[in-house]
Every structure is written in C-alpha cells, then in structure tokens.
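Beneath this line is the structure, given in structure tokens, with notes to follow.
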Amino acid sequence: MRAAQDADPLVTAERAERRAVPPALDTMLMIGGLVALWQVGTILLGHEALPSPVATVSKLAGIMADEDFPRHAWETARASLTALVISLVAGLAIGLALGAHRLAGEVAEPMLTALYSIPKITLYPIILLLFGLGISAKIAFGVIHGIIPVILFTMNAVRNICAVYLRSARAMRLTAAQTAGTIIVPAAVPEIVSGFRVGFALTLLGTLIGEMFASQRGIGYMLVKAMETGDTGTVMALALLLVVLATAASAALLALDRRLRRHALAS
Amino acid sequence: MSAEHLCLTGVTRIYPATEGHAAVHALGPIDLSLKPGEFFSVVGPSGCGKSTLLDVIAGLARQSAGTILFEGKPVTGEVPDGIGVVFQEDASFPWLTVFDNAAFALRRAGVPDAEVRERVRHTLAFTGLSSFAQAYPAQLSGGMRQRLCIARTLVTRPRLLLLDEPFGALDQQTRLLMGDELLKLWRETGATVLLITHSLDEAALLSDRIGVMSARPGVFIDLVETGWARERDSRLAAEAGFGVVTGRLWAALRDQSIKALAMAS
C-alpha cells in the first residue's frame with residue numbers, strides 16, 4: 001500500500017535534494033581514483049607484473065590496430081550477442097510460465113538456484129560433446145550462464161505482482177492474453193530489466209570462458225594465449241577493453257532500470 | 001427489466017474444508033434488493049464477510065448457494081457488463097499516466113480512439129484530475145490515486161458501482177471530502193451504488209439505506225433507512241438526525257463487534 005505522504009511536496013523536495021550530487025562528477029572522481037590506484041600498484045609491483053595505465057592503453061591501441069583483431073572481436077561479439085538474445089527471450093518465456101504456475105515455480109526455483117551456484121566450467125566437457133568445437137558450444141555456454149538470472153528475476157517479478165492488479169483485470173473483463181500483455185508484463189518490467197542486466201554480464205562472462213578452452217578464435221582465446229606466454233601487457237589491455245565495454249552496457253541498462261523504477265517509486 | 005436493479009436471494013458463501021482447516025461459513029444467507037439509483041452501504045465488524053459479499057455480487061467469486069440477479073440476469077463467477085468495482089487497495093497502474101490509466105478499460109474493450117479521448121477527458125474533468133492527465137500515479141497523493149481508480153471505473157459508465165472500502169487508507173478529513181465527491185458523482189451519473197465500509201459515520205452520511213451485518217457468518221441484522229434528501233453532503237454530520245442513525249447502527253453492531261473480537265482472539 002502506498003502511503004499518502006509519498007506525494008507530499010516536502011518529502012519529494014527532500015528526496016530531490018539528497019540526489020542533488022551530479023552523477024557525472026561522481027563517476028569522474030571514481031574513475032580518476034581507480035586510475036591513480038592502478039598507477040600506485042604499478043610503482044609498487046613493477047611494470048612486468050602490472051603494466052601502467054598509459055602502457056596498457058597504448059598496448060590496447062596496438063592490439064586493436066592489428067589485422068587479426070577484428071576477426072577475434074567479431075567472433076566474441078557474435079557469440080555473446082547470440083547467447084544474450086537466447087538468454088533473454090527463452091529466460092523471459094520460462095520465467096513468465098514458472099511465475100504463472102505457482103507449483104512449477106516452487107519446484108523449479110531450488111533447482112535453478114543450485115544450478116546457478118555451481119561452477120559451470122564443470123559442465124563444459126558435456127557442452128563440447130553436445131555442440132562440438134565451433135561457435136555453438138560458446139553460445140550454449142554463454143546461455144547457461146545468462147539464462148538463470150533472467151528466469152529467476154522474471155519468475156519473482158510475476159509472482160510479486162499486486163493481487164489487486166489481477167482483480168482489476170477481472171473486474172475489467174480482460175482476456176487472459178490481455179491480462180498477460182497489458183498488466184503482468186508491464187508490472188514486471190522493472191524487475192525483468194534487473195534480470196537482463198545481471199544476465200548480460202554473465203552471458204559475456206560465459207562466452208569468454210567458453211572461448212578460453214578448446215577454441216582458436218575470440219577475445220577469450222587471445223586472453224588465454226597471452227596468459228600462457230606470460231604477456232601481462234596484452235592481458236591487461238584486453239581486460240581493460242572488456243571492463244569498459246561491460247561497464248558501458250551495464251550503465252545503459254541501469255539507467256533504463258532507474259527510469260522504469262521511478263514510475264513505480266511509491267509502490 | 002424488473003423494478004429491482006440487483007436482487008440477492010439466499011446468497012451463501014462457504015469456503016470448503018482444506019487439509020488441516022475446517023470449512024468456513026463466511027457469508028449468508030443474504031437477501032437483498034436494490035432499487036435503481038439507490039445508495040446502499042454495508043457495515044459490519046471486521047471479518048464478517050463484507051468483502052466476500054462484494055466479490056460474489058461482482059462475479060469475482062462464486063456463491064455456494066442462492067441466486068444473484070443483476071438487471072434480471074444471473075451473476076455466476078464472471079463480472080457482468082454494467083458493473084464497476086473499486087477496491088480498497090490502490091489499483092492504479094504505476095507504469096501508465098493518469099490519462100492512460102483512465103483509458104485502460106476502454107482501450108481493451110476496443111472502443112474507437114476518438115471516443116476514448118472524449119470519454120476520458122470528460123471523466124477526468126468530472127473527477128478533478130484534468131490537470132494531472134500526463135502525471136504518473138507516483139506523483140499523486142493517496143486520495144488522488146483513489147480518485148483515479150474511481151475515474152477508471154466510472155469511465156466505463158457502470159450502472160452498478162461496487163466500492164470496497166475505497167477510502168479505507170485515507171485520513172479522516174480527506175475521507176469526508178471524498179465522500180462528498182462520491183455523492184456528487186452518484187447524483188450526476190444516476191448509478192446504483194453499493195459501498196462496503198467499516199466506518200459508521202461514512203455509511204450514515206452517504207447512504208439512502210444501510211445494511212448492518214452480523215459477525216461471521218455475515219447476515220443482515222438490521223436495515224436502516226436514513227431518509228436523507230438526494231442533495232446532501234458531509235455537513236449532514238452536524239444535524240440531529242445523523243446522531244440518531246449512527247446511534248442505531250452502533251446499537252445493532254456493538255454486540256456483533258464484541259463477538260467478532262472474541263472470534264479473532
């Protein structure tokens with residue numbers, strides 16, 4: 001139940017004041033701090049163990065200019081995006097179904113949670129046997145990482161929908177399809193976007209791990225090759241690239257998430 | 001159409017026994033007839049089955065026995081056309097603007113866009129929400145959100161309006177003013193209103209007739225005619241007749257409330 005005081009102008013004004021620190025400044029300060037810390041680490045540990053920020057950026061520029069790079073980047077992008085789409089679409093469908101059927105959801109939840117917490121690398125030999133050595137194995141490995149949080153978040157979102165929305169749907173004589181499409185899904189969207197955010201990060205992680213084993217292509221493969229030859233410069237450069245990409249995507253989804261939640265702020 | 005707008009005969013609701021729980025006789029038998037355009041309220045101790053009665057009339061729950069006729073047609077587990085329901089909880093959809101909330105039911109029913117705009121504009125003006133058409137429910141106060149829920153129901157032009165403690169979560173003063181607005185809407189739409197409330201004052205101020213319910217299983221133990229003029233508002237509270245009505249309601253309810261309290265503990 002929403003309390004009447006939520007719309008009190010005083011309360012709203014106080015909230016706005018608390019949020020008044022410009023987020024852009026916060027972000028800049030944080031990035032500056034991290035880079036400084038990194039530089040200190042380099043001085044303490046030596047350039048061999050931890051290449052400096054400047055060296056890493058120039059190394060990355062070198063890697064990206066290499067003629068082999070687009071092929072590897074494309075491979076990773078293709079695999080992780082495919083895995084992401086499968087995770088989101090299938091995860092959403094399974095989550096909606098499990099959320100709508102209480103018993104099925106209750107049976108599935110502990111199994112999904114257990115599956116979520118085991119190191120999935122133990123399943124990789126099975127994946128390889130099923131899908132072979134090509135890109136499909138990496139996509140499948142990305143999917144098993146990413147799909148579970150999408151399912152869990154969607155399922156809980158559907159389960160936690162206010163009962164009064166569903167009663168309203170019946171009072172307005174909506175069909176089952178109308179109720180699903182115009183009430184259940186929009187009511188669950190903020191939670192579902194949170195699930196997508198976690199799912200995105202894990203899908204990328206899964207795809208990269210997949211590329212690190214039994215693979216000849218992709219950023220994961222470049223990483224493992226650099227690790228084997230002790231090329232810390234390349235490892236750091238690739239790690240930087242992945243961090244920047246993943247952070248950017250995650251920040252975009254987070255902004256969407258916040259915007260959606262603002263409408264539901266007082267509930 | 002018969003002279004009665006809504007007619008209940010022997011309506012009973014029994015929740016069947018489940019594992020570890022005996023069957024619960026929640027409601028009835030209830031006999032009740034409402035005339036078209038009547039404002040009828042139901043008061044009763046908590047847990048007496050008031051909301052169950054509303055659910056059964058609305059077709060949101062099925063009665064175990066008895067018949068319900070709305071405009072001469074039986075109601076059986078489905079909400080009939082012409083009945084609008086407003087719930088106690090805030091049922092406004094936070095992802096839609098005030099305008100889209102109000103338009104929701106009409107759009108789902110396939111009403112042409114031009115007509116939707118016209119009817120929503122009219123209803124929002126009617127409920128004093130016009131200037132908030134593009135706001136989201138989170139930006140409104142609790143009273144205004146409940147007004148939006150009423151607007152969302154009124155826009156479908158219900159001939160019977162069922163209200164389940166719609167002002168239950170509001171403070172006393174907002175409640176009185178919302179009651180005045182409800183009276184105005186009732187006069188202007190000509191709809192029949194059935195209001196469930198636990199507030200004796202609210203029932204006494206708003207209604208033509210009040211049904212007093214017993215502790216579970218809820219049956220009517222008294223029907224009180226207020227005799228108010230159709231033109232009325234919350235200033236009735238200052239009149240001598242008001243005290244007579246609330247006094248009679250409480251006289252009927254006091255023992256039942258004591259019984260309900262004992263049942264709960």
Side-chain angles (χ1 to χ4, degrees), chain A residues 1-16 19 102-103 106 154 157-158 160-194 256-267, chain B residues 51 54-55 57-61 77-97 100-101 103-110 132 135-146 149 152-153 155-156 158 161-162 164 167-171 173-175 178:
Chain A
M1 192 80 229
R2 298 162 184 175
Q5 77 220 26
D6 273 332
D8 188 319
L10 186 66
V11 176
T12 320
E14 278 172 359
R15 269 195 202 144
R19 285 197 200 124
R102 189 157 284 277
L103 182 65
E106 274 166 16
T154 307
V158 173
N160 295 337
I161 281 177
C162 292
V164 74
Y165 294 166
L166 301 178
R167 272 157 63 82
S168 301
R170 288 189 60 203
M172 289 189 262
R173 291 176 284 279
L174 300 197
T175 62
Q178 283 178 325
T179 306
T182 59
I183 293 186
I184 295 177
V185 169
V189 155
E191 289 288 303
I192 292 173
V193 171
S194 301
L256 178 66
D257 192 0
R258 288 233 178 96
R259 239 188 66 186
L260 292 166
R261 271 174 200 281
R262 228 185 357 251
H263 295 320
L265 193 70
S267 63
Chain B
S51 293
L54 180 130
D55 281 0
I57 294 173
L60 290 169
E78 234 174 81
V79 185
D81 181 47
I83 290 188
V85 192
V86 178
F87 301 104
Q88 175 176 10
E89 303 94 331
D90 173 12
S92 61
F93 300 140
W95 60 91
L96 295 177
T97 62
D100 291 336
N101 259 289
F104 188 86
L106 297 182
R107 285 182 178 151
R108 298 295 90 73
F132 300 96
Y136 283 89
Q139 297 164 273
L140 305 180
S141 68
M144 279 165 74
R145 279 202 290 261
Q146 202 51 277
C149 292
R152 196 168 74 183
T153 304
V155 80
T156 64
L161 187 57
L162 303 175
D164 188 3
F167 312 136
L170 307 179
D171 66 81
Q173 286 142 48
T174 311
R175 235 178 137 126
M178 293 287 287

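Note on naming: letters A, B, ... go to the chains in the order of the sequence lines (proteins, then strands), and numbering restarts at 1 for each one. These values consider heavy atoms only, across backbone and side chains, with no hydrogens, waters or symmetry-generated copies.
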Discussion item. Ignoring hydrogens and geometry beyond distance, is a side-chain donor-acceptor pair present between B:Asn101 and B:Ser92 at under 3.5 Å?
Written reply: no
Fill in: Structural part of B:Ala58 lying under 4.5 Å from a heavy atom of chain A
neither
Worksheet, complete the sentence: Which of B:Phe87, B:Phe104, B:Phe93 passes ring-ring contact (aromatic ring centres under 6.0 Å, His included) with A:Tyr165? It is B:Phe93
Item to complete: Give, as side chain, backbone, both or neither, the part of A:Ala187 having an atom under 4.5 angstrom from any heavy atom of chain B.
Response: both
Fill in: Proximity breakdown for B:Leu162 and chain A, heavy-atom pairs closer than 4.5 Å
neither
Worksheet item: Where is the tightest heavy-atom contact between A:Ala169 and A:Ile183, given as atom of each residue plus distance?
Response: CB-CD1, 3.6 Å
Discussion item. Does any backbone or side-chain atom of B:Arg107 lie under 4.5 Å from a heavy atom of chain A? Answer side chain, backbone, both or neither.
Written reply: neither
Worksheet item: For B:Arg145 and B:Pro137, which heavy atoms make the closest approach, and how far apart are they?
Response: NH1-O, 3.1 Å
Fill in: Donor-acceptor contact below 3.5 Å, side chain B:Arg108 vs main chain A:Thr182
no
Worksheet item: Heavy-atom distance under 4.5 Å to chain B: side chain of A:Arg173, backbone, both or neither?
Response: side chain
Worksheet item: With only heavy atoms counted, which part of B:Asp81 is less than 4.5 Å from chain A, the side chain, the backbone, both or neither?
Response: both
